[in-house]
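Keep in mind it's a predicted model, so treat the numbers as computed, not measured.
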Amino acid sequence: MAPLGILVAVLLLLVAAVMGHLPVTLTLERAIPASHKVELSQLIARDRVRHGRLLQSAAGVVDFSVEGTYDPFVVGLYYTKVQLGSPPREFHVQIDTGSDVLWVSCSSCNGCPGTSGLQIQLNFFDPSSSSTASLVRCSDQRCSLGLNTADSGCSSESNQCSYTFQYGDGSGTSGYYVADFLHLDTILQGSLTTNSTAQIMFGCSTMQTGDLTKSDRAVDGIFGFGQQSMSVISQLSSQGLTPRVFSHCLKGDSNGGGILVLGEIVEPNIVYSPLVPSQPHYNLNLQSISVNGQTLSIDPSAFSTSSNKGTIVDTGTTLAYLTEAAYDPLINAITSSVSQSVRPVLTKGNQCFLITSSTAIFPQISFNFAGGASLILNAQEYLIQQNSVGGTAVWCIGIQKIQGQTILGDLVLKDKIFVYDLAGQRIGWSNYDCRSEFVNAGQLSDNSSRRNVPQKLIPKCIIAFLLHICMLGSYLFL
């Protein structure tokens, strides 16, 4: 039995060593009361407005909590919390890969909502109340970089770096830029360092119009995760504080929440597709669409990328939107495959179905991208339950028709790990149960060519391995 005791002791030491490198457990919270219901048509209208918002050393892993839910019938969105200034003040900001700038509502803001239907406390940033805040002048190099991407402007009268983001329906925000501290939870070499700070430049909103003034789903601002120079991910990586990669895993159940790190979540089944170069957004080269393994007959030009065409990944959009030339073939293929089992109906222009059985009868959809990467969607990842009629469920296709860009929103991004590798100019994804309690984002290097150390759900793996070895050892040494 002595060799077995030594074996178990060694294994326990290995477990302790590995467990010592796990980050803290992420707090996942429900964001919106389930009683808050909205019509699908309202979501489409909101997303249509949203599409106008698509604005042009030692490394560490920065960890953010995630709140909110994709569920469109509780006015779905995902958001996180950031702390800004000295002393730090907390703000809830929407996670948005479709824009670049982090901005929050500021004191004396005109049109900024004061309450939120998300049951969160809204706050206002006051530069005069932060001992480390400073205004960004036109002569600042960071302001000049923003001019190239229309993320900043300059007033010759005040010499102050400013911004105005105007949206299609007249809603928008404007304000000025402030430099101040962002407070971070940073994982370095497996240990959590709290209260670390980095100076960043962010927007201080003094005016909001349109949908941004509504309180039903109001947050304090928007956290742009774009790849342009004004984004926080670009600012932190240029200071050598984080790698040029971030990852998220958005929970798709009714409780919502998820995982968000400035770093890489490593999972062996991730497939990658290269980003289309020289684009302001996260554009991917969609090449074809398949339904139950059969490639649809769609003109390849429908997927080409130009100033107002192409396929982008945007966490700020609730549903998914498919360019017109590809939409009709997809809807027809889905409808044909289930026509013997369900009753197709049109509800306010949306293709819906009366279903008395399970949605398992619906086909699998595959969006096929350059590099051999496919985004596989099962029924629950493109259907939305609208309501019930006489005990019969009404399910609608959440993918909508749009002219111009195809947009992959939260509906199809949920329950998947997504890795935005800016250094490698690619995006990867894999199906994943985002409800998992533990995720380790791995150890990062300042050498962008090196891959992170794969670490995933280590506790379960170690326990299973330990039990297996102990049983084997008991057998061998009897």
Side-chain angles (χ1 to χ4, degrees), residues 53-60 62 82-86 88 91 93 96-106 125-128 130-166 172-184 186 196-207 221-246 262-263 275 277-282 420-425 444 446-448:
R53 294 189 195 172
L54 298 177
L55 313 171
Q56 319 279 331
S57 84
V62 175
V82 296
Q83 290 189 329
L84 301 168
S86 303
F91 300 90
V93 286
D96 182 18
T97 60
S99 65
D100 297 312
V101 174
L102 166 63
W103 62 263
V104 296
S105 299
C106 280
F125 185 80
D126 183 358
S128 65
S130 173
S131 61
T132 51
S134 62
L135 301 181
V136 178
R137 301 301 180 185
C138 293
S139 56
D140 193 301
Q141 183 181 8
R142 293 169 296 183
C143 186
S144 301
L145 292 173
L147 293 173
N148 298 329
T149 56
D151 284 331
S152 66
C154 228
S155 170
S156 57
E157 296 180 1
S158 62
N159 191 31
Q160 188 166 291
C161 191
S162 60
Y163 65 88
T164 297
F165 302 143
Q166 194 69 34
T173 179
S174 62
Y176 56 91
Y177 283 106
V178 174
D180 207 343
F181 283 125
L182 170 66
H183 298 257
L184 305 169
T186 305
S196 59
T197 59
Q199 189 182 69
I200 64 164
M201 175 175 162
F202 60 92
C204 192
S205 176
T206 58
M207 184 183 73
I222 292 178
F223 197 161
F225 276 84
Q227 57 184 322
Q228 303 301 324
S229 60
M230 299 287 280
S231 71
V232 170
I233 184 72
S234 294
Q235 293 186 60
L236 294 180
S237 63
S238 68
Q239 298 176 46
L241 299 175
T242 63
R244 293 194 68 216
V245 57
F246 69 95
L262 305 189
L275 286 167
S278 304
Q279 296 298 315
H281 311 302
Y282 292 116
Y420 301 72
D421 182 1
L422 306 190
Q425 284 294 285
L444 301 173
D446 55 1
N447 183 351
S448 60

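C161 does not pair with C138 as a disulfide, the SG atoms being 2.5 Å or more apart. Per the SG-SG cut-off, C154 and C143 are not bridged by a disulfide [distance not under 2.5 Å].
In this structure, Q239 contributes its side chain and Q199 its backbone to a donor-acceptor pair below 3.5 Å. Under a 3.5 Å cut-off, the side chain of S130 and the backbone N or O of P127 do not form any donor-acceptor pair. No donor-acceptor pair under 3.5 Å is formed between the side chain of S231 and the backbone N or O of G224.
Pairing each heavy atom of G85 with each of D180, the nearest pair is CA-OD2, 3.2 Å. Looking at every heavy atom in both residues, Q228 comes nearest to S234 through O-OG, 2.8 Å. Of all the heavy atoms in T206 and G175, the pair that sits closest is OG1-CA, 3.6 Å.
Residue S237 holds its OG atom at 7.5 Å from CG of L422, rounded to the nearest 0.5 Å. Residue T197 holds its OG1 atom at 9.0 Å from CG of L241, rounded to the nearest 0.5 Å. A distance of 9.5 Å separates CD of Q235 from CG of L145, quoted to the nearest 0.5 Å. For the atom pair CG of L184 and OG1 of T242, the computed distance is 8.5 Å after rounding to the nearest 0.5 Å. Between S229 atom OG and L147 atom CG the span is 9.5 Å, to the nearest 0.5 Å. From Q160, atom CD reaches atom CG of D140 across 12.0 Å, with rounding to the nearest 0.5 Å.
Between I222 and S99, the closest side-chain pair of non-hydrogen atoms falls below 4.5 Å. Residues S152 and M230 are in side-chain contact: their nearest non-hydrogen atoms beyond the backbone lie under 4.5 Å apart. Between L135 and R137, the closest side-chain pair of non-hydrogen atoms falls below 4.5 Å. You'll find the side chain of V93 reaches within 4.5 Å of the side chain of V104, heavy atoms only. S196 places none of its side-chain heavy atoms less than 4.5 Å from the side chain of F181. A heavy-atom distance below 4.5 Å is not found between the side chains of V101 and F223. The shortest side-chain heavy-atom distance between Q227 and L275 falls under the 4.5 Å cut-off. At least one side-chain heavy atom of Y163 sits less than 4.5 Å from a side-chain heavy atom of W103.
Ring centers of F202 and Y177: at least 6.0 Å apart, outside the cut-off. For Y282 and Y420, the ring centers sit closer than 6.0 Å to each other.
When only modelled atom types and interatomic distance are considered, T132 and S86 share a side-chain donor-acceptor pair under 3.5 Å. Side chain to side chain, T173 and S205 meet the donor-acceptor criterion of an N or O pair below 3.5 Å.
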